[in-house]
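We name chains A, B, ... by the order of the sequence lines, and we start the count at 1 in each one.
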There are 2 protein chains.
Amino acid sequence: MDIEQHKIPQATAKRLPLYYRFINNLHSQGKQRVSSKELSEAVKVDSATIRRDFSYFGALGKKGYGYNVEYLLSFFRKTLDQDEITKVALIGVGNLGTAFLHYNFMKNNNTKIEYAFDSNADKVGTEIGGVPVKHIDELEDMVKGDITAAILTVPSAAAQGITDRLVQSGVSGILNFTPARITVPEHIRVHHIDLSIELQALVYFLKHYPLEAGEEQEE
Amino acid sequence: MDIEQHKIPQATAKRLPLYYRFINNLHSQGKQRVSSKELSEAVKVDSATIRRDFSYFGALGKKGYGYNVEYLLSFFRKTLDQDEITKVALIGVGNLGTAFLHYNFMKNNNTKIEYAFDSNADKVGTEIGGVPVKHIDELEDMVKGDITAAILTVPSAAAQGITDRLVQSGVSGILNFTPARITVPEHIRVHHIDLSIELQALVYFLKHYPLEAGEEQEE
DNA sequence: GGCAGATTGTGAAAAACTTAACGACTATCT
DNA sequence: AGATAGTCGTTAAGTTTTTCACAATCTGCC
């Protein structure tokens, strides 16, 4: 099973949470079935790509019919490990961190932000989006052995220092929102999301890759 | 020139702002020269990829020496259109929007957030990170003919409605932070950044693609 | 001036990803 | 029942991106 999992392309893996959300939506709307074409319009991914993505998990649909929403949903729930909740910590309760705390609380099922950490005494002891805010000094104690991943929304100057402490405390993944490119041991996974770069990249594309009619969007 | 520009792979284009930032850092630190290997360690991109990326713009470096930081910087400044500022609007001054306003003000040189819009009367009339907050009713008037791109940080229920108004008002690109996948005419470019999906994707990778020693990171 | 060592730029290959196309099958209409 | 329209799963082709590997060539030093 784990070996099979490894055959799934990373590009596909990145789209799974997107699919999952939209299938969830469809289910809430009481929709019974959905075709790759319909789904394609909703998530803005080519229908052939969707069929290909789904096929990595076996035959989820029926020819001439489409996909049963109920079945698809239960399948994704299982695949994305909805049952087993991954515990996450958030470091840095600024605007971005706060946004995430509110956001997360409402939407995610397979991850839970257990604690948030900040150095600001005014914030410590409060609760945001249902998540208790702890002092950064408590980081090691709270994280050790319990937390799998961390969301890094601290000022960039603090990024590497906090990262080292997180790694020490045993997290295996970091979602880094700071502009700093952090250095970690090989077995730690880091995903970078850089708001400033995203905006600059969009602008660059606007100037140099004007969309012609009929041209498709990538992301 | 424009035809030449079109040869640059999109993957490369997305890395340019990243390179630019780090070259800027090096320059501030007074560094004279840098090799692709050094830069690779800083930005976490394979050195061969960096050399290939740079080579699309011609021979920027010198064999046996590396790249001259000063020259590289001036080249990137020109290429990323630092001189010609792209005007941007931000819609939705919640936590995420506020984070962006602070962030942007400090860092970007080729883009400027001219206005922010919100429907909350308490926010309208204030200024955040140097950006004036206008009422959402003024959107069309302020944007029309002047603003090239928009950052969408509104609640997802409002996303499509605001999008339509932005398109009407002539923006050509949208950076969409809402979970909704918005529909736009073909000539409008949309980049989606979905915080919730990023977290779920990271968790999925942690579970199914554990990093072995020596394995490289993507993104 | 010449040589050892470093580093680029790039051809070629590999890897990763997307898309087109179609056979096989379903559902529905007449 | 047969015809029609729709849909999946997949093979094969196409495209994009990354990586390897090395000749060319520059630097720095003696």
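A straight line from CD1 of B:Ile50 to P of C:dG9 spans 12 Å, rounded to a whole angstrom. With rounding to whole Å, A:Lys7 atom NZ is found 12 Å from D:dT10 atom P. Atom CZ in B:Phe57 sits about 16 Å away from atom C1' in C:dT10, given to the nearest Å. Distance CG (B:Leu16) to P (D:dT17): 12 Å, rounded to an integer number of Å. Rounded to whole angstrom, the span from the CZ atom of A:Phe54 across to the C1' atom of D:dT7 amounts to 14 Å. Atoms CG (A:Leu60) and C1' (D:dT10) sit 14 Å apart, rounded to a whole Å. Rounding to whole angstrom units, CD of residue A:Gln10 and C1' of D:dT18 are separated by 13 Å. Remark: C1' of D:dT7 and CG of A:Leu39 are 14 Å apart, rounded to the nearest angstrom.
Proximity of A:Arg51 to the phosphate of C:dA21: no side-chain N or O atom is located under 4.0 Å from OP1 or OP2. Contact annotation: B:Tyr67 side-chain N/O to C:dG9 OP1/OP2 distance is under 4.0 Å. Residue A:Thr49 has no polar side-chain atom (N or O) positioned under 4.0 Å from OP1 or OP2 of C:dT18. Not one side-chain nitrogen or oxygen of B:Ser36 sits closer than 4.0 Å to the OP1 or OP2 atom of C:dT7.
At most 12 heavy atoms of other shown residues, nucleotides or ligands fall within 6.0 angstrom of atom NZ in B:Lys37. At most 12 non-hydrogen atoms from other residues, nucleotides or ligands lie less than 6.0 angstrom from CD of B:Gln168.
Between A:Phe76 and A:Phe54, the distance separating the two ring centers is shorter than 6.0 angstrom.
When each of B:Lys37 and A:Asp53 is assigned the nucleotide of DNA chain C with its nearest heavy atom, B:Lys37 is the one assigned upstream, toward the 5' end.
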Quick one: what's the B/S/- string for nucleotides 25-30 of chain C, heavy-atom cutoff under 4.0 Å, read 5' to 3'? BBS---
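Salt-bridge annotation for A:Glu38 and A:Lys31: present, with a side-chain N of the basic residue lying under 4.0 Å from a carboxylate O of the acidic one.
A donor-acceptor pair is defined here as one N or O able to donate and one able to accept, closer than 3.5 Å; no such pair exists between the side chain of B:Asn95 and the backbone of B:Ala99.
Between the side chains of B:Asp194 and A:Tyr103, a donor-acceptor pair is found at a separation under 3.5 Å.
Among residue pairs with one or both ends in residues 91-101 of chain A, none qualify as salt bridge (charged side-chain N to carboxylate O under 4.0 Å, His left out); sequence neighbours excluded.
At a cut-off of 3.5 angstrom, counting only N and O atoms as typed in the model, there is a donor on one side and an acceptor on the other between the side-chain of A:Arg52 and the base of C:dT19.
Relative to the side chain of B:Asp46, the nucleotides D:dT19, D:dT17, D:dC8 differ in distance, and D:dT19 lies closest.
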